[in-house]
Amino acid sequence: MMTNVRYLFLALAIIISLHYILSFSHEAYGRATSISNIKDHITGSQNRVPPYKIPIPEEYYAHPDPANSQGRKANAAIVMLARNGDLNGVISSMKQMEDRFNKKFHYPYVFLNDEPFNDGFKTRVTEITDSTVQFGLIPNDHWNQPAWVNETKATESRNDMVKNNVIYGGSVPYRNMCRFNSGFFYRHELLKPYKYYWRVEPDIKFFCDLDYDPFLIMQDQNKVYGFTVSLYEYEATIPTLWNAVKSFIEKYPNLVSPDNAMAFLSDDGGETYNRCHFWSNFEIGDLDLWRGEAYSKFFEHLDEQGGFYYERWGDAPVHSIGAALFSKKEQIHFFNDIGYRHEPFQHCPQGDAHKKGKCWCDSAQNFDYEWYSCLNRYDKLFS
């Protein structure tokens, strides 16, 4: 009996010794057999760091040798909302997009305008790229202020905002743009064939080489919304927006995603809005998020309130609230390695990411953790 016990202890000692040797000599084995990993398998995996802090796998990067490249693409397009008068700004943005990213990956462009693009615009734009370019006209009912809006009330609101120096406070075209981007751009005929989009605007800057395909990251990792800058919204533009959001949640609680990103939007469980939003002039997103039942009903609910015209609801908070409520928090991705500027804010990658991207921005000029940034709230979602 004692002999059997000795053999048992000897076997256990050998197993434990082998475990420790393998743990130190083989990193993958150590991770797989760690207490935290075993706990995750039992209780369910929990994110401990924001997803962007996990490096992009090397196999996603483009290589000079085509045989070493992935050789696959997502069903995606680069989308620009612009007018003929924006041509110089469009060319500047597009040239940077091509030089930094798209000449390696050749995604098509879709240009949208509430007026027909002229021949000069089309010629200049198509000379910049070897990719397919399409030009689309926005339907009137997708762009113009709806007839049911009380114009007297809307005019009074605009006048008040002008008196209070609210940016774009007196502009109807700006409100049309916000409403279009909130609820209609993804319905355009030219975008119907696509699943993913990258929104680009005139007069922006891309600071870094992007040698991997962010669309494939979205696709392979089941991401639905990507951003580079997050900040607080002007309170004067959205005084009743959160009340409208709460009434929607009360009406359709089943449409809110489990493990959502409400904590990015609210510091008290949804009672009030902290005004944090993702700056939507840069978006890489899944069009099916906006096309789905939850967001479709959400936009209809907001539109019925008239806040796009009676106030000045922007597409940035509307998209941000929609993404935060109708997806899981890990499906929202911060593209840390995409250097980007839209006046007056910029994201400049730090450390190794700055070097790897050959970024030309000054890393000291970075909005990420300035007092008006909301990136720290995004980070806390995963702590």
Side-chain angles (χ1 to χ4, degrees), residues 51 79 81 142 175-188 191 194-199 218 222-234 237-266 269-309 311-335 374-375 377-378 381:
V79 179
L81 178 64
H142 287 187
R175 288 170 167 81
N176 290 339
M177 181 270 291
C178 290
R179 181 172 177 264
F180 171 75
N181 279 328
S182 294
F184 295 99
F185 87 94
Y186 51 89
R187 308 186 200 189
H188 196 280
L191 286 177
Y194 298 106
K195 179 171 173 59
Y196 299 99
Y197 72 101
W198 185 335
R199 175 174 163 180
M218 299 288 287
N222 193 28
K223 308 292 186 182
V224 298
Y225 192 85
F227 71 99
T228 57
V229 173
S230 59
L231 69 165
Y232 295 94
E233 180 61 296
Y234 294 106
T237 66
I238 54 164
T240 68
L241 175 59
W242 195 249
N243 287 336
V245 172
K246 289 200 295 183
S247 65
F248 177 84
I249 294 173
E250 290 172 2
K251 187 176 181 180
Y252 298 105
N254 59 304
L255 295 180
V256 177
S257 174
D259 199 23
N260 57 63
M262 173 65 87
F264 175 76
L265 307 171
S266 176
E271 183 60 30
T272 60
Y273 180 31
N274 62 26
R275 297 182 290 117
C276 279
H277 66 284
F278 308 114
W279 220 19
S280 61
N281 47 69
F282 175 104
E283 293 181 325
I284 300 178
D286 185 338
L287 289 159
D288 288 344
L289 172 64
W290 313 131
R291 294 165 176 159
E293 178 190 10
Y295 185 82
S296 296
K297 288 185 175 179
F298 179 64
F299 173 74
E300 290 171 5
H301 176 81
L302 295 186
D303 202 30
E304 290 170 358
Q305 316 304 310
F308 291 103
Y309 295 96
E311 296 177 12
R312 206 221 67 188
W313 294 355
D315 56 278
V318 171
H319 274 191
S320 301
I321 294 168
L325 294 182
F326 308 129
S327 62
K328 295 181 179 180
K329 62 186 180 185
E330 63 267 19
Q331 293 181 292
I332 300 173
H333 187 72
F334 173 46
F335 279 101
C374 288
L375 184 60
R377 294 181 185 272
Y378 172 79
L381 290 174

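Since the structure is predicted, the reported quantities are computational estimates derived from the model, not experimental observations. In what follows, every heavy atom counts, from backbone to side chain, and hydrogens, waters and symmetry copies are set aside.
Counting only heavy atoms from C-beta outward, the side chains of Tyr378 and Cys276 never approach each other to under 4.5 Å. Residues Thr237 and Trp313 have side chains not in contact (no heavy-atom distance under 4.5 Å, counting atoms from C-beta outward). For the pair Tyr225/Asp286, no side-chain contact is recorded, criterion being any heavy-atom separation below 4.5 Å from C-beta on. A 4.5 Å side-chain heavy-atom check between Phe278 and Phe334 finds every atom pair outside the cut-off. Annotation: side chain of Gln305 is not in contact with side chain of Thr240 (no heavy-atom distance under 4.5 Å). No side-chain heavy atom of Phe299 sits under 4.5 Å from any side-chain heavy atom of Trp290. The shortest side-chain heavy-atom distance between Glu271 and Ser266 does not fall under the 4.5 Å cut-off. For the pair Arg275/Leu241, no side-chain contact is recorded, criterion being any heavy-atom separation below 4.5 Å from C-beta on.
Nearest heavy atoms, Trp242 versus Gly270: NE1-O, 2.9 Å. Between Ile332 and Ala261, the shortest heavy-atom contact is CD1-CB, 4.1 Å. The minimum heavy-atom distance linking Met262 with Gly269 is given by the pair CG-C, 4.4 Å. Minimum heavy-atom separation, Ile284 to Met218: O-CE, 3.2 Å. For Val224 against Ser327, the heavy-atom pair with the smallest separation is CG2-CB, 3.5 Å. Smallest separation of non-hydrogen atoms from Arg179 and Tyr309: CD-CE1, 3.5 Å.
Distance check: His277 NE2 to Cys374 SG gives 8.0 Å after rounding to the nearest 0.5 Å. Separation of atoms CZ (Phe248) and CD (Glu300) is listed at 9.0 Å; rounding is to 0.5 Å. To the nearest 0.5 Å, the span separating CD1 on Ile321 from CD1 on Ile249 amounts to 8.5 Å.
With hydrogens and angles ignored, the 3.5 Å screen pairs no side-chain donor or acceptor of Ser182 with any backbone N or O of Val318. Under a 3.5 Å cut-off, the side chain of His301 and the backbone N or O of Ala244 do form a donor-acceptor pair. Looking only at distances, a side-chain donor or acceptor of Lys223 sits under 3.5 Å from a matching main-chain atom of Glu330. With His319 contributing its side chain and Asn181 its backbone, the two residues share a donor-acceptor pair below 3.5 Å. At distances below 3.5 Å, at least one donor-acceptor pair connects side-chain atoms of Arg175 with backbone N or O atoms of Glu311. At least one donor-acceptor pair under 3.5 Å links the side chain of Gln331 to the backbone N or O of Asn222. When atom types are taken as modelled, the side chain of Asn260 and the backbone of Phe326 share no donor-acceptor pair closer than 3.5 angstrom. Within the 3.5 Å criterion, the main-chain N or O of Gly183 finds a donor-acceptor partner in the side chain of Arg187. Judged by distance alone, the side chain of Tyr186 and the main-chain N or O of Tyr197 form no donor-acceptor pair under 3.5 Å.
More than 12 heavy atoms of other residues, nucleotides or ligands sit less than 6.0 Å from atom OH of Tyr194.
Relative orientation of the Trp198 and Phe282 rings is perpendicular, given thresholds of 30° and 60° on the angle between their planes. Taking the six-membered ring where tryptophan is involved, the planes of His333 and Phe335 are perpendicular, since the angle between them exceeds 60° and thus also 30°. Between Phe298 and Tyr295, the ring-plane angle classifies as tilted under the 30° and 60° cut-offs.
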Open item on the list: Pair Ser230, Trp279 - check side-chain contact (heavy atoms from CB on, under 4.5 Å), show working.
Closed with: CA-CA 5 Å; Ser230 59; Trp279 220 19; over 6 Å; no
Open item on the list: Using the rule given for side-chain contact (heavy atoms from CB on, under 4.5 Å), can you reason through Ser280 versus Arg199, listing the C-alpha separation, both sets of side-chain angles and the distance that settles it, and then say yes or no?
Closed with: CA-CA 8 Å; Ser280 61; Arg199 175 174 163 180; 3.5 Å; yes
Open item on the list: side-chain contact (heavy atoms from CB on, under 4.5 Å), that's the test. Do Asn243 and Tyr273 meet it? Break it down for me.
Closed with: CA-CA 9 Å; Asn243 287 336; Tyr273 180 31; over 6 Å; no
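Taking 4.0 Å as the cut-off between side-chain N and carboxylate O, Glu250 and Lys246 do not count as a salt-bridged pair.
When each of Leu265, Leu325, Ile238 is checked for a side-chain contact (heavy atoms from CB on, under 4.5 Å) with Val245, only Leu325 meets the rule.
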